[in-house]
Amino acid sequence: MSLHVEVEYMTHRGKVRSNNEDALLIMSDVIQKEEMADPQRVVYEGNSFVFAVADGMGGHKAGEVASRLALDYLALNWLSIETADSIDRCIQEMNLQIVKEALKDPSMSNMGTTLAGVLIRGSTVWVFNVGDSRVYGVHEDELKQISKDQSLVQALIDEGTITMEQARQHPLRGVLLQCLGGGLEGGTVQTVIKQFSLDEYDAFLICSDGLTDALNDEEISACLFHSKESRLGCLFEKYMKAGATDNMSAVLVYVCRKGVKGGFA
């Protein structure tokens with residue numbers, strides 16, 4: 001089965017941070033830049049695709065190294081992934097690579113990164129994440145979060161202790177329960193991996209928490225469903241107006257059968 005995939009992506013350090021610790025994976029290309037003036041668009045034909053976002057942490061350039069290491073490894077190995085188990089093994093190896101690299105330099109000892117991505121093979125889709133970077137699915141006029149935040153505030157939401165709106169303002173909203181690296185030696189990372197049929201969604205939005213901390217799901221939906229120009233450009237404009245206090249990276253992926261008009265047409 002041949003697919004036509006249209007992709008729009010963007011990354012930016014925002015207004016507050018001095019550097020951009022995020023990285024993007026567009027097929028086998030790892031993209032890491034301080035900022036982009038406008039969203040970039042690419043089109044692919046085929047039956048296998050991968051797209052991901054990694055949000056690094058650790059300071060003093062360490063976060064940039066961690067996010068790059070994770071996506072470099074995925075870029076080299078994604079073509080051999082065919083099952084949820086092989087995705088998990090790949091992510092565990094990413095974690096080990098980051099931990100080993102951190103041990104070489106004391107200034108990098110706490111470096112880590114989140115990870116969120118989409119892997120498509122024919123009619124099968126896997127969505128995976130570690131940490132609080134997200135993957136949303138778009139179907140007709142509905143936006144649905146597919147990934148699961150591995151964060152303290154999400155745990156409190158699950159317990160019924162706080163609401164989603166309270167979580168957005170919670171003083172500990174940046175505390176992660178899982179990440180790749182992060183100063184943890186040994187052990188495994190708890191991954192979130194979901195598999196489903198490609199027919200369930202028309203598009204996917206992969207993003208770091210710089211976007212979702214700035215905009216709620218209703219604001220994201222407004223851009224995706226009602227923007228007359230670049231959907232990602234609309235999201236970026238709202239992110240900047242909201243203060244752009246963190247790095248922001250996003251990948252918007254539209255998938256259709258070959259010969260059918262795509263999402264940016």
Side chain to side chain donor-acceptor pair (under 3.5 Å) filter on Y136, not counting sequence neighbours, yields R134, D217

Nearest heavy-atom contact between D202 and E140 is OD2-N, 2.7 Å

Report the C-alpha distance between T114 and N129 in whole Å, list the side-chain angles of each, state the deciding distance to 0.1 Å, and finish with yes or no for side chain to side chain contact (heavy atoms under 4.5 Å, CB included).
-> CA-CA 8 Å; T114 68; N129 78 280; over 6 Å; no

Contacts satisfying salt bridge (Lys or Arg N to Asp or Glu O under 4.0 Å) that involve residues 104-128 (not counting sequence neighbours) are E101-K104

- Taking it one step at a time, do T113 and I98 satisfy side chain to side chain contact (heavy atoms under 4.5 Å, CB included)? CA-CA 9 Å; T113 185; I98 293 169; 3.8 Å; yes

So CG of D29 and OH of Y9: to nearest 0.5 Å the spacing works out to 7.5 Å

The salt bridge (charged side-chain N to carboxylate O under 4.0 Å, His left out) partners of K15 (sequence neighbours excluded) come to none

Keeping E200 on the side-chain end and V125 on the backbone end, is there a donor-acceptor pair under 3.5 Å? no

Notebook entry, point to check: Would a 4.5 Å heavy-atom cut-off, applied to side chains only, mark M10 and Y239 as touching?
Noted result: no

- V7/M27 under side chain to side chain contact (heavy atoms under 4.5 Å, CB included): CA gap, chis, key distance, verdict: CA-CA 10 Å; V7 182; M27 296 295 277; over 6 Å; no

L235 and I220 have their tightest heavy-atom pair at CD2-CA, 3.7 Å

Using the rule that Ile, Leu, Val, Met, Phe, Trp and Tyr join whenever any side-chain heavy atoms are under 4.5 Å apart, tell me whether L180 and V192 fall into a single cluster.
no

Taken in chain and number order and not counting sequence neighbours, the residues that satisfy side chain to side chain donor-acceptor pair (under 3.5 Å) with Q32 are S67

So CD1 of I26 and CZ of F49: to nearest 0.5 Å the spacing works out to 12.5 Å

The reported gap from CG in N20 to CG in D246 (rounded to nearest 0.5 angstrom) is 9.0 Å

Would you find a donor on one side and an acceptor on the other, under 3.5 Å apart, between the side chain of E142 and the backbone of H139?
no

Residues S133 and D55: closest non-hydrogen pair is OG-CB, 3.8 Å

- Message: Using a 3.5 Å distance criterion without hydrogens, assess whether the side chain of N110 forms a donor-acceptor pair with backbone atoms of G58.
- Response: no

| request: Check whether any side-chain heavy atom of F128 lies under 4.5 Å from a side-chain heavy atom of I81, and answer yes or no. | output: no

Hits for side chain to side chain donor-acceptor pair (under 3.5 Å) against T161, two or more places apart or cross-chain, chain-then-number order -> E159

**Prompt:** So, Q178 side chain and Q190 main chain: donor-acceptor pair closer than 3.5 Å or not?
**Reply:** yes

For this session: Evaluate whether atom CE of M240 has more than 12 neighbouring non-hydrogen atoms of other residues, nucleotides or ligands under 6.0 angstrom away.
Result: yes

So the disulfide (SG to SG under 2.5 Å) pairs with at least one residue in residues 208-254 (sequence neighbours excluded) are C223-C234

d(I193 CD1, Q195 CD) to nearest 0.5 Å is 10.0 Å

For V43, the hydrophobic cluster (side chain heavy atoms closer than 4.5 Å, chained through members) also holds none

Relative to each other, are the rings of F236 and H12 parallel, tilted or perpendicular (30° and 60° limits)?
-> tilted

Residues at least two apart in sequence or cross-chain that pass side chain to side chain donor-acceptor pair (under 3.5 Å) with Q40, listed by chain then number, are none

In this structure, CH2 of W126 is separated from CZ of F196 (nearest 0.5 Å) by 10.5 Å

Between A102 and M108, the two heavy atoms sitting closest are CB-O, 3.3 Å

Side chains of residues 205-212: which donor-acceptor pairs under 3.5 Å do they make with residues two or more places apart or in other chains?
from : atom 1 : to   : atom 2 : distance (Å)
S208 : OG     : D22  : OD2    : 3.1
S208 : OG     : S249 : N      : 3.0

Heavy-atom nearest pair, G181 first then V99, reads CA-CG2, 4.1 Å

> Are R41 and S230 close enough that some pair of their side-chain heavy atoms sits under 4.5 Å apart?
Replying inline: yes

side-chain hydrogen bond (donor to acceptor under 3.5 Å, both in side chains) pairs touching residues 77-88, sequence neighbours excluded, are S28-W78, T83-S86, D88-Q92, D88-T191

Sorted by chain and residue number, the salt bridge (charged side-chain N to carboxylate O under 4.0 Å, His left out) partners of D213 (sequence neighbours excluded) come out as none

- Query: Any donor-acceptor pair under 3.5 Å linking the side chain of K194 with the backbone of I146?
  - Reply: yes

Could you see if Y254 belongs to whatever hydrophobic cluster contains V5? Use Ile, Leu, Val, Met, Phe, Trp, Tyr and a side-chain cutoff under 4.5 Å.
yes

Group every Ile, Leu, Val, Met, Phe, Trp and Tyr by side-chain heavy-atom contacts under 4.5 Å, then state whether V175 and I157 land in the same group.
yes

* Transitively linked via ILVMFWY side-chain contacts under 4.5 Å: V42 with L24? -> yes

Inset, instruction - Report yes if the side chains of H170 and L156 come closer than 4.5 Å at any heavy-atom pair, otherwise no. - result: yes

Exercise. With distance as the sole test, does E93 use its side chain to make a donor-acceptor pair with the main-chain N or O of C90 at under 3.5 Å?
Worked result: no

Discussion item. Apply side chain to side chain contact (heavy atoms under 4.5 Å, CB included) to residues L252 and L224 and explain how you reach the verdict.
Written reply: CA-CA 9 Å; L252 183 57; L224 297 184; 4.0 Å; yes

Backbone N/O of N19 and side chain of N247: donor-acceptor pair under 3.5 Å:
yes

Output for pair (M164 CE, N216 CG), nearest 0.5 Å, gives 9.0 Å

Q. In terms of hydrophobic clusters joined by side-chain contacts under 4.5 Å, are Y44 and L74 together?
A. yes

Sorted by chain and number, sequence neighbours left out, salt bridge (charged side-chain N to carboxylate O under 4.0 Å, His left out) with R13 holds for E34, E35

